[in-house]
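Values reported hereafter were calculated over all heavy atoms of this structure, with side chains retained and with hydrogens, waters and symmetry mates removed. Numbers here simply count residues along the sequence, with the first being 1.
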Amino acid sequence: MFPTRWLKYGWWFLPVVVGLLLAIPVQFIFPAVPATLTTIDLGFTALVLGLTIRNSAVLIFLLGFILTVVIMLMVWWDRRHLAQAQTMYADHVEDTEQKRRHFLRRLDHEIKNPLTGLRAALVNLQEAQAADERWHAQQNAGRAVERLTRLLTDLRKLADLDERPIERYPVDVPDLLEDVVEAARAIPAYEGRNISLLIPKVPSPFPTITGDRDLLVLAVYNLVENALKFTARDDSVEVRALEDGRAVVIEVADSGAGIPAAEVSKIFDELYRGSNARSTEGSGLGLALVHRIATLHGGGVGVRSSQQEPRGTVFTLRLPRR
């Protein structure tokens, strides 16, 4: 009688014993359980169910065992994803730090050049005897100051984009492009250049976009001015607008010398100046501003270029329709 009765009542406590045996190593294997998971030990589950349903001890054991295995798998899966997220975050931090160091090195280089030119111009101005020598020294000093001013102004613009929310108003694209083209044609250095504006008339009216008109003018103007810088007097620049049902597409195309294929992916980096741009005045921030403005408006900017005939470059600014 004794062994039979012990065996009969032993089935009630078997799930509890097994639950405890499984729960103890679980605590060492997974010491920190995420707050999103409910920590239910096999022993606790088996104890509650075993005391309330005496005739279902085997079922309780199986359910408790399955529950513990499921919880262990959930914890493992969650910890695996947490480790992956931590790795991705560490990579992101390292990449950001590398970009920051690279930016500071470029900034140091961009500031040193005009400062060196300014210092040399001042020395020449002091030592110059003839009037024409003093005039050339003054011109060189003025260009150095102008380059520094442009660099600091563009840096301030980039900083402002991250510090204030952009406006969200309807923007008439044809009207915006007409203002930009008119302003570009009035630049003395590019007088006589052939700048064309192509806007489809059918169907009408042209779709509007929502955004900050001043920033969008700045973005398109930078693209047009960039095209003018890298084209000769006989080259052409076209400003085109179209829409594909979801976005308004603004293209600025030129028949200039083109961009080397190895440099195309870098031209939107801050302070980056290509091999054919180092002799051209600029801050190296114009295209970075365009990219940032496009991103803030939910759009993007791309480029395709060729140095083979037919040579030229096309910048494409995509902005969501209103």
Side-chain angles (χ1 to χ4, degrees), residues 146-147 149-191 193-201 204-231 236-244 246-254 256 267-268 270-271 277 280-303 313-322:
E146 183 180 352
R147 183 175 176 182
T149 302
R150 186 186 303 113
L151 175 62
L152 295 176
T153 300
D154 287 345
L155 283 172
R156 183 67 238 178
K157 289 177 182 176
L158 271 175
D160 287 343
L161 290 178
D162 294 324
E163 292 176 358
R164 66 176 181 87
I166 66 172
E167 295 180 351
R168 298 285 183 180
Y169 295 108
V171 177
D172 186 303
V173 176
D175 180 66
L176 181 151
L177 297 182
E178 289 173 1
D179 287 348
V180 171
V181 170
E182 183 178 351
R185 286 171 176 163
I187 301 176
Y190 308 121
E191 185 178 358
R193 296 290 179 88
N194 180 24
I195 308 176
S196 304
L197 176 59
L198 306 177
I199 301 176
K201 304 297 183 182
S204 183
F206 196 86
T208 60
I209 58 178
T210 301
D212 190 315
R213 191 181 191 279
D214 292 339
L215 291 180
L216 293 172
V217 166
L218 175 62
V220 179
Y221 181 84
N222 281 356
L223 291 179
V224 174
E225 186 182 30
N226 186 78
L228 292 171
K229 284 180 183 178
F230 300 104
T231 51
S236 298
V237 175
E238 287 186 355
V239 181
R240 307 188 287 249
L242 56 130
E243 58 96 13
D244 60 7
R246 293 180 300 175
V248 168
V249 181
I250 300 171
E251 292 186 338
V252 178
D254 66 67
I267 60 173
F268 294 108
E270 295 173 357
L271 296 175
T280 305
E281 291 187 3
S283 66
L285 293 171
L287 294 179
L289 274 168
V290 175
H291 182 271
R292 184 62 179 145
I293 292 171
T295 302
L296 288 174
H297 284 81
V301 61
V303 61
T313 303
V314 181
F315 284 92
T316 303
L317 179 63
R318 295 180 62 87
L319 300 166
R321 286 183 50 165
R322 184 185 176 196

Interatomic spacing from OG1 in T210 to CZ in R213 - rounded to 0.5 Å: 14.0 Å

Point-to-point distance, once rounded to the nearest 0.5 Å, from CZ of R321 to OG1 of T208: 8.0 Å

Rounded distance [0.5 Å steps], CG in L319 versus CZ in R246: 14.0 Å

Stepwise side-chain contact (heavy atoms from CB on, under 4.5 Å) test for L216 and I209: CA-CA 10 Å; L216 293 172; I209 58 178; 3.7 Å; yes

side-chain contact (heavy atoms from CB on, under 4.5 Å) between V314 and R240, intermediate numbers included: CA-CA 10 Å; V314 181; R240 307 188 287 249; 4.1 Å; yes

Given V252, V301, L215, L218, the one that forms side chain to side chain contact (heavy atoms under 4.5 Å, CB included) with V290: V301

For G298 against P320, the heavy-atom pair lying closest together: O-CG, 3.5 Å

Any residue meeting salt bridge (Lys or Arg N to Asp or Glu O under 4.0 Å) with D172, in chain and number order, not counting sequence neighbours: none

Residue pair L317 / I293, side-chain heavy-atom distance below 4.5 Å: no

Salt bridge (Lys or Arg N to Asp or Glu O under 4.0 Å) partners for E225, two or more places apart: none

Under the side-chain contact (heavy atoms from CB on, under 4.5 Å) test, residues paired with E167 that sit two or more places apart: Y169, D212

Pairwise side-chain contact, F315 with N226, heavy-atom cut-off 4.5 Å (strictly under): yes

Member of L287, T316, I267 meeting the side chain to side chain contact (heavy atoms under 4.5 Å, CB included) criterion with V303: I267

Closest contact, heavy atoms only, A184 versus V224: CB-CG1, 3.7 Å

For the student: nearest non-hydrogen atoms of P200 and A241, plus distance: CD-O, 2.9 Å

Student check: side-chain heavy atoms of T231 and Y190 closer than 4.5 Å: no

side-chain hydrogen bond (donor to acceptor under 3.5 Å, both in side chains) contacts touching residues 284-301 (sequence neighbours left out): D162-R292

Sequence-distant partners of D214, salt bridge (Lys or Arg N to Asp or Glu O under 4.0 Å), two or more places apart: none

Side chains of V180 and V239 in contact at under 4.5 Å (non-hydrogen atoms): no

Under-4.0 Å salt bridge between K229 and D254: no

Counterpart residues, salt bridge (Lys or Arg N to Asp or Glu O under 4.0 Å), relative to R168 (two or more places apart): none

side-chain contact (heavy atoms from CB on, under 4.5 Å) between D179 and D175, worked out: CA-CA 6 Å; D179 287 348; D175 180 66; 4.0 Å; yes

Separation of I187 CD1 from Y221 OH (nearest 0.5 Å): 3.0 Å

side-chain contact (heavy atoms from CB on, under 4.5 Å) assessment of V173 paired with I199: CA-CA 9 Å; V173 176; I199 301 176; over 6 Å; no

Euclidean distance, N222 CG relative to L285 CG, rounded to 0.5 Å: 10.0 Å

Side-chain heavy-atom pair R318, D244 within 4.5 angstrom cut-off: yes

Smallest separation among heavy atoms of V248 and P207, with atom names: CG2-O, 4.1 Å

